[in-house]
Amino acid sequence: MMEFRPSSVREPAQNWESGAGNLGFSVPPLDLRQLLAMTDERGLFQHARYASPDLDHGYCTDDNARALIAAAEHARQQGGKTELPLADYLAFVESAWCPREQAFRNFMDQHGQWLEPQGSLDSQARALWSLGWTADRAPEPEIRRRANELFAAGMDLIQRLEPLRSRAFAIHGLVHFLKACPGDERALALLEDLAHGLYAAYRSHASTRWCWWEDQVTYDNARLPQALLLAGEKLQLPVMVRDGLAALRWLLQVQAARTPEGEPCLGVIGNAGWLECGGERARWDQQPLEAYALVDACLVAGRVTGEPLWQECAWDCFRWFLGHNELGASLIHSETGGCQDGLQEGGVNRNQGAESLLAYVLAQLLLFDALERGEE
């Protein structure tokens with residue numbers, strides 16, 4: 001892996017709408033066996049005991065929303081065909097919507113009973129993200145229409161989103177929804193409000209040494225700079241793109257690490273302590289979700305700037321899954337094709353839960369898409 005050379009990437013030009021270029025690498029073939037094994041007639045189970053669904057923890061909207069994105073994108077890339085139950089994942093997100101609460105629920109038990117009147121704000125924003133993506137990207141008109149209608153019904157809850165990441169997830173959804181419905185004035189107004197709020201929060205806290213929104217860097221981190229990039233591109237605001245790139249460069253730099261052989265690699269900020277301002281990065285529990293978010297953010301940065309170096313960085317972040325990490329251990333299980341749940345100090349977490357599986361599958365799909373666009 002390069003020494004996080006995004007620090008040398010040029011500032012965005014005023015015409016930062018150019019192609020991805022030829023990436024020059026080969027992504028491992030997609031293997032959906034474990035994702036299908038974790039899915040039943042209701043949807044995708046949340047956790048696994050090794051490779052088997054953990055029925056005691058049931059399902060959640062967070063993971064079924066991610067599965068909906070994966071299924072819609074896989075269907076698009078395969079000309080409308082996918083082994084994944086796209087309609088079932090959409091039906092799960094639809095059933096999560098509670099009209100009385102005007103909110104999405106998150107947790108469902110193994111018997112199909114919802115366990116709360118409404119879920120966390122992050123889960124609600126992820127539901128909207130998946131619906132916006134599906135309204136934009138799904139190849140089947142009926143699926144797009146259903147996603148479009150539910151996104152429109154749930155749009156009012158965006159004004160209730162306070163956490164930074166919830167707002168960032170909603171920006172992802174709004175950007176895609178506006179591709180499907182470019183004339184929707186309410187969606188555009190919400191995007192402008194969220195984007196300016198997220199940008200103001202960054203400007204009020206970031207410094208040259210700590211290019212971040214808060215005094216702690218925690219989870220799904222790359223989604224924050226990525227949201228600035230997406231919003232800045234859509235709203236034609238170069239300052240947002242500039243600062244989104246600065247934050248993404250910094251995030252990569254604070255996660256610079258070494259493999260056991262001494263080669264530079266991605267060292268994900270671990271769940272066991274995070275990264276505090278003035279402190280050291282927690283090395284363990286490193287989660288696949290973080291590597292996937294970095295792949296996605298770097299690919300967006302590459303598309304927005306036209307800089308091939310960002311696509312190279314996306315590939316280097318993806319290699320974390322394949323063993324180019326601080327343990328030198330692959331997270332991909334050879335017998336199931338699934339992704340294991342993370343890197344711990346004592347080794348790989350052998351469970352293959354939904355979030356980890358989808359992190360790997362979605363990272364692959366994004367890279368496939370970038371390769372496809374790079375060949376045009």
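Any value given below was found using the heavy atoms of this structure, including those in side chains, with hydrogens, waters and symmetry copies removed. Start at 1 with the first residue, then count along the sequence.
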(message) Side chains of Tyr89 and Ser130 only: does a donor on one sit below 3.5 Å from an acceptor on the other?
(response) no
(message) For the aromatic rings, using the six-membered ring if either is Trp, is the centroid distance between Phe318 and Tyr292 under 6.0 Å?
(response) no
(message) Please tell me whether Gln352 and Thr336 have a donor and an acceptor in their side chains that are separated by less than 3.5 angstrom.
(response) yes
(request) Kindly check if the number of other-residue, nucleotide or ligand heavy atoms within 6.0 Å of CD (Glu142) is above 12? (result) yes
(request) Assess whether atom CD of Glu101 is packed by more than 12 heavy atoms of other residues, nucleotides or ligands within 6.0 Å. (result) yes
(request) Apply salt bridge (Lys or Arg N to Asp or Glu O under 4.0 Å) to Asp40 and list each qualifying residue two or more places apart in sequence or on a separate chain. (result) none
(message) Do Leu224 and Trp212 make a side-chain contact, defined as non-hydrogen atoms from C-beta onward lying under 4.5 Å apart?
(response) yes
(request) Could you verify whether a donor N or O on one side chain and an acceptor N or O on the other, from Ser123 and Arg105, lie under 3.5 Å apart? (result) no
(message) Going by the rule salt bridge (Lys or Arg N to Asp or Glu O under 4.0 Å), which residues pair with Asp122 if we only count those two or more places apart in sequence or in a different chain?
(response) none
(request) Please check if any side-chain donor atom of Asp296 sits under 3.5 Å from a side-chain acceptor atom of Gln226, or the reverse. (result) yes
(request) Evaluate side chain to side chain donor-acceptor pair (under 3.5 Å) for Asp215 paired with His205, printing each intermediate quantity in order. (result) CA-CA 8 Å; Asp215 284 337; His205 198 83; 2.8 Å; yes
(message) Out of the candidates Leu128, Leu150, Leu190, only one should pair with Met155 under the side-chain contact (heavy atoms from CB on, under 4.5 Å) rule; please name it.
(response) Leu190
(request) Can you spot which of Ile69, Asn64, Asp62 makes a side-chain contact (heavy atoms from CB on, under 4.5 Å) with Arg66? (result) Asp62
(message) Among residues at least two apart in sequence or on other chains, which ones pass salt bridge (Lys or Arg N to Asp or Glu O under 4.0 Å) with Arg146?
(response) Glu94
(request) Please check if any side-chain donor atom of Asp243 sits under 3.5 Å from a side-chain acceptor atom of Tyr199, or the reverse. (result) yes
(request) Scan Met38, Arg126, Gln46 and name whichever one has a side-chain contact (heavy atoms from CB on, under 4.5 Å) with Asp63. (result) Gln46
(message) List the residues meeting ring pair (Phe, Tyr, Trp, His ring centres under 6.0 Å) with Tyr202, not counting sequence neighbours, and say none if there are none.
(response) Trp213
Please tabulate, for side-chain N and O atoms in residues 79-87, each donor-acceptor pair with protein atoms closer than 3.5 Å (sequence neighbours left out).
{"residue": "Thr82", "atom": "OG1", "partner": "His74", "partner atom": "ND1", "Å": "2.7"}
{"residue": "Thr82", "atom": "OG1", "partner": "Leu84", "partner atom": "N", "Å": "3.1"}

(request) Could you tell me whether the side chains of His47 and Asp54 share a donor-acceptor contact shorter than 3.5 Å? (result) no
(message) Are Phe177 and Asp184 packed together at the side-chain level, in the sense that at least one heavy-atom pair is separated by less than 4.5 angstrom?
(response) yes
(message) Side chains of Thr61 and Trp114, heavy atoms from C-beta outward: is any pair under 4.5 Å?
(response) yes
(request) Could you identify which residues cluster with Tyr50, counting Ile, Leu, Val, Met, Phe, Trp and Tyr as linked when any side-chain heavy atoms lie under 4.5 Å apart, either directly or through a chain of such contacts? (result) none
(message) Under a 3.5 Å cutoff, is there a donor and acceptor pairing between the side chains of Arg165 and Asn221?
(response) yes
(message) Distance alone, cut at 3.5 Å: any donor-acceptor contact between the side chains of Glu326 and Gln286?
(response) yes
